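First the structure, in the form of structure tokens, and then the observations on it.
Note that the structure is a prediction, hence the values are computed from the model and not measured.
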Amino acid sequence: MNAKQQAVADRIADYLSENLRLPRENITYDIPLFGDGIGLDSVDSLEIIAGMDLLFGVSLIGAHDAVFRDIRTLSEYIVNNPDFKENIQ
């Protein structure tokens with residue numbers, strides 16, 4: 001992971017911790033977000049979609065489910081998205 005992607009991944013992890021009330025120390029880049037990992041559900045995915053648009057200007061509406069596998073995958077998608085803005089918020 002390059003420095004830009006790591007910075008995005010850290011902001012995602014912080015966002016999940018703050019907005020979904022998850023202990024930050026339990027959130028790693030590779031832990032699955034749904035299922036047996038963190039255990040998020042479909043309602044939480046709506047929070048993620050809204051948050052990534054707010055934080056980075058990237059719409060995840062219609063994004064493939066694989067994008068939400070873990071923070072590493074999500075951050076890679078965001079950084080490579082043409083709408084990505086580094087300092088939107």
Side-chain angles (χ1 to χ4, degrees):
M1 201 173 351
N2 65 33
K4 183 188 293 187
Q5 186 180 345
Q6 183 153 358
V8 169
D10 287 338
R11 287 186 70 194
I12 294 170
D14 291 343
Y15 178 85
L16 295 177
S17 177
E18 292 168 13
N19 291 282
L20 300 178
R21 295 188 175 102
L22 300 168
R24 179 62 175 91
E25 61 273 4
N26 293 347
I27 303 173
T28 65
Y29 300 137
D30 297 314
I31 191 168
L33 296 175
F34 298 90
D36 293 335
I38 295 176
L40 301 180
D41 60 26
S42 59
V43 174
D44 297 323
S45 69
L46 297 175
E47 180 73 30
I48 294 171
I49 289 169
M52 298 309 99
D53 193 13
L54 179 71
L55 288 174
F56 306 110
V58 174
S59 175
L60 297 174
I61 295 173
H64 193 275
D65 292 348
V67 169
F68 297 93
R69 181 178 62 216
D70 54 35
I71 291 174
R72 182 181 304 277
T73 305
L74 183 57
S75 64
E76 180 180 11
Y77 179 85
I78 289 170
V79 167
N80 291 316
N81 189 289
D83 295 329
F84 170 65
K85 295 175 182 51
E86 290 189 55
N87 295 311
I88 197 168
Q89 187 182 44

Listing, residues 57-64 side-chain donor-acceptor contacts under 3.5 Å, not counting sequence neighbours, or none:
{"residue": "S59", "atom": "OG", "partner": "I61", "partner atom": "N", "Å": "3.4"}
{"residue": "H64", "atom": "ND1", "partner": "A66", "partner atom": "N", "Å": "3.0"}

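- Residues passing the side-chain contact (heavy atoms from CB on, under 4.5 Å) test with E18 are D14, sequence neighbours excluded.
- Rounded to the nearest 0.5 angstrom, L54 CG and I49 CD1 are separated by 14.0 Å.
- Residues satisfying the side chain to side chain donor-acceptor pair (under 3.5 Å) test with D44, not counting sequence neighbours, are none.
- Qualifying side-chain contact (heavy atoms from CB on, under 4.5 Å) partners for A7, counting only residues two or more places apart in sequence or in other chains: none.
- Listed by chain and number, the residues in a side chain to side chain donor-acceptor pair (under 3.5 Å) with E76 amount to none (sequence neighbours excluded).
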Problem - Stepwise side chain to side chain contact (heavy atoms under 4.5 Å, CB included) test for L55 and I78 - result: CA-CA 10 Å; L55 288 174; I78 289 170; over 6 Å; no
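- Pairs engaging residues 25-42 under the side chain to side chain donor-acceptor pair (under 3.5 Å) rule: Q6-Y29, D10-Y29, D30-R72 [sequence neighbours left out].
- Note that OH of Y15 is 7.0 Å distant from CG of L20, once rounded to the nearest 0.5 Å.
- Between V79 and Q5 the shortest heavy-atom distance is CG2-CA, 3.8 Å.
- Rounding to the nearest 0.5 Å gives a distance of 8.5 Å between CG of L33 and CD1 of I12.
- S17 contributes a side-chain N or O that, together with a main-chain N or O of L22, makes up a donor-acceptor pair within less than 3.5 Å.
- Annotation for R21: atom CZ does not count as buried by contact number, only 12 or fewer foreign heavy atoms lying within 6.0 Å.
- Here F84 contributes atom CZ and K4 contributes atom NZ; the two are 5.5 Å apart, rounded to the nearest 0.5 Å.
- Across all their heavy atoms, F34 and S45 have their closest contact at CZ-CB, 3.8 Å.
- Hydrophobic clustering (ILVMFWY, side-chain heavy atoms < 4.5 Å, transitive): L74 and M1 are in one cluster.
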Exercise for the section: Give the intermediate values and the outcome of side chain to side chain contact (heavy atoms under 4.5 Å, CB included) for residues I48 and M52. Expected result: CA-CA 6 Å; I48 294 171; M52 298 309 99; 4.0 Å; yes
